[in-house]
S.K.: 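Right, I'll just put the structure down here and ask away after.
Each chain gets a letter, A, B and so on, in the order its sequence line appears, and its residues count up from 1. Below, all heavy atoms of this structure are taken into account, side chains as well, without hydrogens, waters or symmetry copies.
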Number of protein chains: 2
Amino acid sequence: MTDQSPPEKPPSSLPRLGEIGLTNYAPYLMNRIMGRYNASLRDEMAGLGLTTPKMRALAVLSVIEGPLIRELAVYSVVEQSTLSRALDQLAGEGLVRREADASDSRATRVFITEAGRTAFETLWPRMAEAHARMFRGIPDEERRAFVGTLQKMLTNIRKHEI
Amino acid sequence: MTDQSPPEKPPSSLPRLGEIGLTNYAPYLMNRIMGRYNASLRDEMAGLGLTTPKMRALAVLSVIEGPLIRELAVYSVVEQSTLSRALDQLAGEGLVRREADASDSRATRVFITEAGRTAFETLWPRMAEAHARMFRGIPDEERRAFVGTLQKMLTNIRKHEI
DNA sequence: CAGATTTAAATGCATTTGCAAATATCCCTG
DNA sequence: CAGGGATATTTGCAAATGCATTTAAATCTG
């Protein structure tokens, strides 16, 4: 072996954030976008006595029937302790109902009530509007590809659960 | 004109969330993904005395030179009052420096210090790692398209500012 | 099958958050 | 150029958050 080996790759060639640029960095863009999406929804919901955790729980419950509370926490992206208190309120308002799990008496399942469905139905058009604004001018094909990538990303970041 | 007009389109044909499905709904997926991304970063940063607002401010300041505080709030997706307090801490730790704006004495510009840059450099590999995990197995071409869509979305949701 | 370990959910408590108000300065209009 | 509104930032304070603990029940292990 001679001295004339090819030049080493630099020890750490991790590109810097400044080199990538904020607006080419996906997590940054996603935080910016969701920050505004969530803030604008929060403002609209405030008038209806709904907080972000309550709104998210309702949204998930409109789709998923009777999940455990810890599952609902994952699906709705809310800390379990925060969710527990949000459910107190939602139950107090008659929008959801807690029900002991049949086979595990530690566990509680949560169901949306008819009133809860009605509440979500008044709320959904606002969410749909915010969604439409986000995707304004983006062709269907591109939207589908985008959602496809998001789905791959979700499986990537999941720990191993739900 | 006869009675036999074609059947009316239903009054409101807004598709329901249940019809779309949670995992086909972009805002839901984005909240799930960023929820976990942010949570895992937050856990890692906690040991270094960095909160999410402090970390975000540092990250932006590593790229943008001397923004106004209100600009930094937008860029780093942090409420301005929260940012104000985060900057108190960062300044106390010598990681940033506030400087009165030359032409507007109401305004303050924020600069990262050398110590701040060093701090961010120890933090950046963790962010890059979380980013890499998110995009694992997703080809370059798809990543580029994804970021392109995000950029369009960002311009869509911006009010009119920054 | 008793004891140790894990898991589900709720709760106590200190911290963080964000709205609204306060303060200081700037800019526009008559 | 004075006065009224707009803008930049900070701060007071009540509410929300999340970590750690508690309680209760299930599951594992020797």
S.K.: Compute the bend angle of the helix from dC1(C)-dG30(D) to dG30(C)-dC1(D) from the end axes (five pairs per end), rounded to 10°.
M.R.: 30°
S.K.: Kindly indicate, with the supporting measurements, whether the criterion side chain to side chain contact (heavy atoms under 4.5 Å, CB included) is fulfilled by Met134(B) and Asn156(A).
M.R.: CA-CA 6 Å; Met134(B) 235 165 79; Asn156(A) 276 342; 5.7 Å; no
S.K.: Which atoms form the tightest heavy-atom contact between Leu95(A) and Ala119(A), and what is the distance?
M.R.: CD2-CB, 4.2 Å
S.K.: Could you tell me if the side chain of Asn31(B) sits less than 4.5 Å from the side chain of Arg56(A), heavy atoms only?
M.R.: yes
S.K.: Expressed as a whole number of angstroms, how long is the span from Arg109(B):CZ to dA8(D):P?
M.R.: 11 Å
S.K.: What verdict does the salt bridge (charged side-chain N to carboxylate O under 4.0 Å, His left out) test give for Arg109(A) and Glu65(A), after you've listed the backbone C-alpha separation in whole Å, the side-chain angles of each residue and the deciding distance to 0.1 Å?
M.R.: CA-CA 9 Å; Arg109(A) 298 192 170 274; Glu65(A) 176 82 358; over 6 Å; no
S.K.: Rounded to the Å, how far apart are Asp101(A) CG and dA26(D) C1'?
M.R.: 12 Å
S.K.: Can you tell me which residue among Tyr75(A), Trp124(A), Tyr37(A) is in a ring-ring contact (aromatic ring centres under 6.0 Å, His included) with Tyr25(B)?
M.R.: Trp124(A)
S.K.: Arg144(B) and Glu141(B): salt bridge (charged side-chain N to carboxylate O under 4.0 Å, His left out), yes or no, with the steps?
M.R.: CA-CA 5 Å; Arg144(B) 272 190 291 275; Glu141(B) 186 46 46; 3.4 Å; yes
S.K.: Tell me which residues in residues 79-87 of chain A put a heavy atom below 4.0 Å from DNA chain C, sorted by number, or none.
M.R.: Gln80(A), Ser81(A), Ser84(A), Arg85(A)
S.K.: For a 4.5 angstrom cut-off between non-hydrogen side-chain atoms, does Arg16(A) reach Phe120(B)?
M.R.: no
S.K.: Can you measure Leu72(B) atom CG to dT10(D) atom P for me and round it to whole angstrom units?
M.R.: 11 Å
S.K.: By nearest nucleotide on DNA chain D, pick out whichever of Thr51(A) and Asp104(A) is the more 5' one.
M.R.: Thr51(A)
S.K.: For DNA chain C, note the earliest and the latest nucleotide, 5' to 3', having some atom under 4.0 Å of a heavy atom belonging to chain A.
M.R.: dT7(C) to dC19(C)
S.K.: Atom CD1 of Ile112(B) and atom CD1 of Ile64(B): how far apart are they, to the nearest 0.5 Å?
M.R.: 11.5 Å
S.K.: If you measure from CD1 on Ile33(A) to CG on Leu150(B), what distance do you get to the nearest 0.5 Å?
M.R.: 4.5 Å
S.K.: Ignoring hydrogens and angles, tell me if any N or O in the side chain of Arg98(B) forms a donor-acceptor pair with the backbone of Ala91(B) under 3.5 Å.
M.R.: no
S.K.: Would you kindly give the CZ-to-C1' distance between Arg106(A) and dT27(D), to the nearest whole Å?
M.R.: 8 Å
S.K.: Would a 4.5 Å heavy-atom cut-off, applied to side chains only, mark Met55(A) and Arg126(A) as touching?
M.R.: no
